[in-house]
Amino acid sequence: MQNNSQNIQIIDIDYYIDSNRPIIRIYGKDDAGKSICCLVPGFEPYFFAQADNPAELCNYLTDAFDCIQKADIVEKFLPIGYQTKKVPIVKITVTLPTDVRDIRDQIRDLPGVNEIFEADVLFHNRFLIDKNLHPLKWITITPAPAEKELHPTNIICEEIITAEKVEEIDKIAHAPFKYLAWDIECLPDNGALPTPDKSPIILMSIAFSPEYKGMNTLVLASKKIDGVDKETECYDNENDMINAFFSTVREYDPDVLTGFNTDGFDTKYVVDRCKKINTESGTPVINFKIGRDNRDLNFRVFGATTSVSISGRIVADVLPLIREGFKLKRYKLENVAKELIGKEKLDVPPQEMEAYWNDPSKIHTFIEYSRRDSELALELLLKLQLLDKYLALAQVSGRPLQDVINGGQTNLVEQLLMSRFREIDRLMAMKPNDEIVEERERESNVVGADVLDPKKGLHCNTVVEDYKSLYPTIMMARNLCYTTVIIDKTTPKESMIISPSDGHFIKPEIFKGIIPSILEGLLDKRVATKKMMKNARDENEKRVLDATQLALKILLNSFYGYSGYIRARLFSLEVANSVTSYGRENIRNTQNTINNEIVTLTIRDNQALTPNESDGTQPNDIIVLLTPIYGDTDSIFIHCTDINGNEFEEEEFTLDMSALVGKKIAEVVTSKLPEPMELQYEATAKRILLVAKKRYAMWQFEQAKDGWIQKIKVKGLETVRRDWCNLTSKTLNIILEAILKEGDVDKCITYVQDVIAKIRKINDTRDEAFIAELTLSKTLSRPPSSYKNKQPHLTVVEKIRERGGQVPITGERIPFLITTVGSGYVEQAEDPAYVIEHNIPIDTNYYIQKQIIPPALRLLETFGVKRTTLEINQNQKGLFDFGKQEKEEQSPKKKNSEPAPIDKQPSTDNNDKGTKRQKSLFEY
DNA sequence: ATTGTGGCCTAC
DNA sequence: TCAGGTAGGCCACAAT
């Protein structure tokens with residue numbers, strides 16, 4: 001190896017033009033933190049065309065267009081369908097990447113040209129695919145000899161290397177990245193959202209990691225302010241401040257730029273403001289070129305969303321990352337910081353900003369407020385490790401990090417498919433145009449999974465089993481792929497796999513599909529990564545590996561969704577429907593196997609035996625009757641009872657026994673399935689309350705290395721829904737705890753009655769903390785004008801607009817309370833801040849009748865509890881200890897962790913903490 | 001009273 | 001919200 005070769009981690013990739021040829025530019029960082037730009041000349045853009053007469057097309061093309069370097073006939077498979085013969089295709093190599101689109105448009109409609117392929121693959125992605133390189137992985141660069149060196153003048157990295165050769169190498173740890181978070185403050189328009197044509201930017205703040213010239217933060221002000229500290233710089237006016245901001249960014253040279261809602265607000269605001277100032281001055285007084293190629297930042301605006309990118313750097317707005325990663329009721333910086341890192345945002349209300357700015361005694365508070373916002377954004381990104389997953393997805397998929405952050409799963413899947421298609425000489429289809437999308441939309445009819453009817457009510461001792469990666473394993477087991485779908489009607493039946501939805505695929509012995517092969521690779525890699533994780537001693541490495549295995553899991557599960565996605569390059573209803581039809585068949589088969597074949601298991605000598613294995617009954621045998629009581633898509637819940645279908649007595653059926661049963665069922669079912677499909681034992685529910693499809697709660701015990709980990713798991717019920725108020729969630733949590741752990745319905749009734757009593761008094765007490773518990777929220781999911789029906793959150797948006805406040809934008813969650821003002825729930829919705837400020841009465845009846853009683857009753861009616869019982873006004877008994885809910889704990893040596901089945905609990909109280917007699921749960 | 005729809009959010 | 005898929009519960013309200 002040459003000793004002047006250099007290793008870098010790829011951060012970004014693009015190209016530039018030098019002497020009318022494209023040069024690939026790889027931006028990266030070495031392990032000492034030096035920013036390096038690697039130039040790779042010699043890669044040429046190309047695409048493909050299928051023609052009636054390929055030779056004729058070749059001749060025509062080379063004669064007609066100067067920018068076409070070559071037109072050759074190559075042999076390729078077409079994108080969809082199992083094929084045995086390649087077809088002749090014209091490969092058109094052009095001079096510049098932009099020529100691809102030009103030539104494509106000019107030849108598309110020529111007579112004799114049937115179809116164009118791969119003309120919409122961006123040049124830098126083409127390079128990554130063809131060279132088998134992956135962003136965020138490390139490469140070693142062999143420098144070109146001096147005479148071949150390129151000397152671009154605009155690149156502002158610390159070092160520029162012209163590469164002779166680049167090769168990927170193995171290295172786990174990331175390079176030391178530099179992060180910069182920023183934020184702007186503008187003078188609002190009378191408390192409403194500021195607009196760039198009217199409102200100036202007055203403060204800009206920055207937070208650095210690692211520090212910059214000894215500073216962790218820096219606030220720039222657009223006027224002279226007395227008595228500021230050394231991390232605040234004052235300028236004479238707005239342009240000077242903005243220019244200082246951009247030159248600070250250039251000088252610090254961050255790899256990652258972040259902020260809170262910077263893509264959605266700040267970036268566009270600053271750019272618009274700069275343009276306005278530049279236009280008004282007649283000369284460009286502001287230089288906002290902050291790319292590592294010394295160019296402007298790039299915008300792409302799609303309707304309400306803008307995505308920002310800066311060449312050579314990564315733009316990562318934390319707001320969308322947090323939206324995706326955390327389920328919160330609101331996503332204002334204030335809420336997010338408090339919920340996720342326990343930090344307070346400083347408070348300067350928009351209406352008062354002007355006053356703060358103009359008041360010398362308050363302006364320092366304003367400066368600190370601004371500084372805090374950048375600090376919080378940076379802290380969120382780093383502490384929550386928001387980028388980890390995306391770095392790993394870029395590495396595994398081969399797509400540039402900025403695409404991974406801004407885009408969806410489509411890009412990732414397509415990059416993987418394209419790489420593998422290229423290896424076997426298969427063409428990739430172009431992205432569908434609007435016409436094709438509409439057609440697919442009309443035809444699209446994908447049937448999904450089965451949800452088994454739940455046996456509603458309370459059950460003890462239920463084992464939960466699920467299929468490991470069901471859809472990916474189905475695709476592997478049945479060779480489901482675009483490349484295996486039968487298009488030749490003469491294919492003999494014995495060569496085909498026919499799915500329950502009547503999809504036809506070639507057998508893997510004849511040709512193994514690309515998707516199954518990709519999935520197999522991802523699965524193997526995931527197993528290997530998890531193994532490395534176990535052995536890793538370095539915490540940092542462990543973190544990276546954990547992100548990698550998560551990324552692999554995400555990719556594994558993306559292929560099914562992609563196959564039925566109407567905007568996909570490859571779209572196949574036959575594939576999508578075959579996957580789900582096998583899934584439905586599978587869950588039914590599982591249910592039947594348990595019902596009709598296994599039926600019972602015998603527990604003997606710490607083993608679970610099937611009827612075949614047990615060979616009669618022995619004295620200490622415990623016979624367990626298995627009844628599937630619920631299942632959704634890839635899971636099945638099996639109730640374990642005695643032979644007569646009654647719940648076991650306390651201690652008769654232990655958790656350890658349930659694990660034996662669960663594992664035995666998994667083993668028997670798995671043995672009948674094709675590889676690599678696998679049913680696995682997940683956990684045991686000591687008690688489970690099945691309310692409806694997709695709605696249940698259970699007291700779950702999961703087997704760990706040293707004992708059982710217990711928790712209450714709630715699915716689909718109001719507790720986990722963000723469109724119900726906190727009071728509902730808390731009330732239901734108490735009820736669930738009482739039912740599942742203590743079997744105490746009395747307690748539930750008293751509790752609900754007390755909650756109702758407290759609601760009744762809220763307009764007298766005006767307890768603000770309690771009012772906050774009544775706040776509902778809903779997402780404003782589209783522009784207000786496009787709603788067909790009125791909605792409560794729309795009412796609130798309208799009211800805020802009329803009052804001249806900051807109007808929420810599409811995609812925001814809107815909090816509201818139901819007041820007595822107006823008629824009907826929709827009209828009665830009001831902004832909580834306004835309710836407090838103007839002392840608007842709360843509609844107590846709504847909360848009692850709509851928010852508390854129906855959800856409580858849904859849980860309690862199985863025990864015979866009636867609406868009238870809950871409504872009885874029992875003058876306040878006062879046991880309001882909200883918020884003492886158990887999360888997750890190691891089960892303490894069986895102490896009280898195995899109460900008797902509820903319907904058999906003795907009528908005398910054996911519970912050490914209560915004294916009053918409990919009614920049986922079925923006495924109501 | 002029952003049925004249909006628009007809307008929201010969740011399970012998987 | 002150009003950002004993978006379908007199933008499904010429940011609310012409010014309108015139509016029957």
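Note that these values count all heavy atoms, side chains included, but never hydrogens, waters or copies made by symmetry.
- Residues A:Thr862 and A:Gly457 come closest through the heavy atom pair OG1-CA, 3.7 Å.
- Salt bridge present: A:Glu718 and A:Arg695 bring a charged side-chain N and a carboxylate O closer than 4.0 Å.
- Within 4.0 Å (heavy atoms only), A:Val826 reaches sugar-phosphate atoms of the nucleic acid but no base atom.
- To the nearest whole angstrom, the two P atoms, one in B:dC9 and one in C:dT1, are 13 Å apart.
- Among the nucleotides B:dC9, B:dC12, C:dG5, the one closest to the side chain of A:Tyr560 is C:dG5.
- In the model, A:Arg420 has a side-chain atom that pairs as donor or acceptor with a side-chain atom of A:Ser517 under 3.5 Å.
- Ranking B:dA11, B:dC9, C:dC11 by closeness to the A:Val720 side chain, first place goes to B:dA11.
- Looking at residues 688-696 of chain A, you'll see A:Lys694, A:Tyr696 sit with a heavy atom under 4.0 Å from some atom of DNA chain B.
- In this structure, A:Arg782 reaches the B:dG7 phosphate: one of its side-chain N or O atoms is under 4.0 Å from OP1 or OP2.
- Interface remark: the A:Arg721 side chain does form a donor-acceptor pair with the B:dC9 base, using a distance-only criterion of under 3.5 Å.
- Nearest-nucleotide assignment on DNA chain C puts the 5′-proximal partner with A:Gly407, out of A:Glu718 and A:Gly407.
- A heavy atom lying under 4.0 Å from DNA chain C marks the following residues of residues 564-586 of chain A, by number: A:Gly564, A:Tyr565, A:Arg567.
- Checking A:Glu812 against A:Tyr331 by side-chain atom types alone, no donor-acceptor pair falls below 3.5 Å.
- Of the N and O atoms on the side chains of A:Tyr630 and A:Thr462, not one donor lies less than 3.5 Å from an acceptor on the other residue.
- The shortest distance between the side-chain N/O atoms of A:Lys790 and the OP1/OP2 oxygens of B:dG7 is not below 4.0 Å.
- We find that A:Glu702 and A:Lys713 are not joined by a salt bridge, their nearest charged nitrogen and carboxylate oxygen being 4.0 Å or further apart.
- Closest to the side chain of A:Tyr787, from the set B:dG7, C:dA7, C:dG5, is B:dG7.
- For A:Thr779 and A:Ser781, the side-chain atoms include no donor-acceptor pair closer than 3.5 Å.
- Considering only side-chain atoms of A:Val451, the nucleotide from C:dG8, B:dT10, B:dG7 that sits closest is C:dG8.
- Here the side chain of A:Thr410 is nearest to one of C:dA3, B:dG7, C:dG5, namely C:dA3.
- Map A:Pro854 and A:Gly561 each onto its nearest nucleotide of DNA chain C; the residue landing nearer the 5' end is A:Gly561.
- Residue A:Gln791 places its side chain closer to B:dG7 than to any other of B:dC12, B:dG7, B:dC8.
- Salt-bridge annotation for A:Lys799 and A:Asp831: absent, with no side-chain N of the basic residue lying under 4.0 Å from a carboxylate O of the acidic one.
- A:Gln415 places a side-chain N or O within 3.5 Å of a backbone atom of A:Gly398 that can act as its donor or acceptor partner.
- Residue A:His793 places its side chain closer to B:dC8 than to any other of C:dA12, B:dC8, B:dT10.
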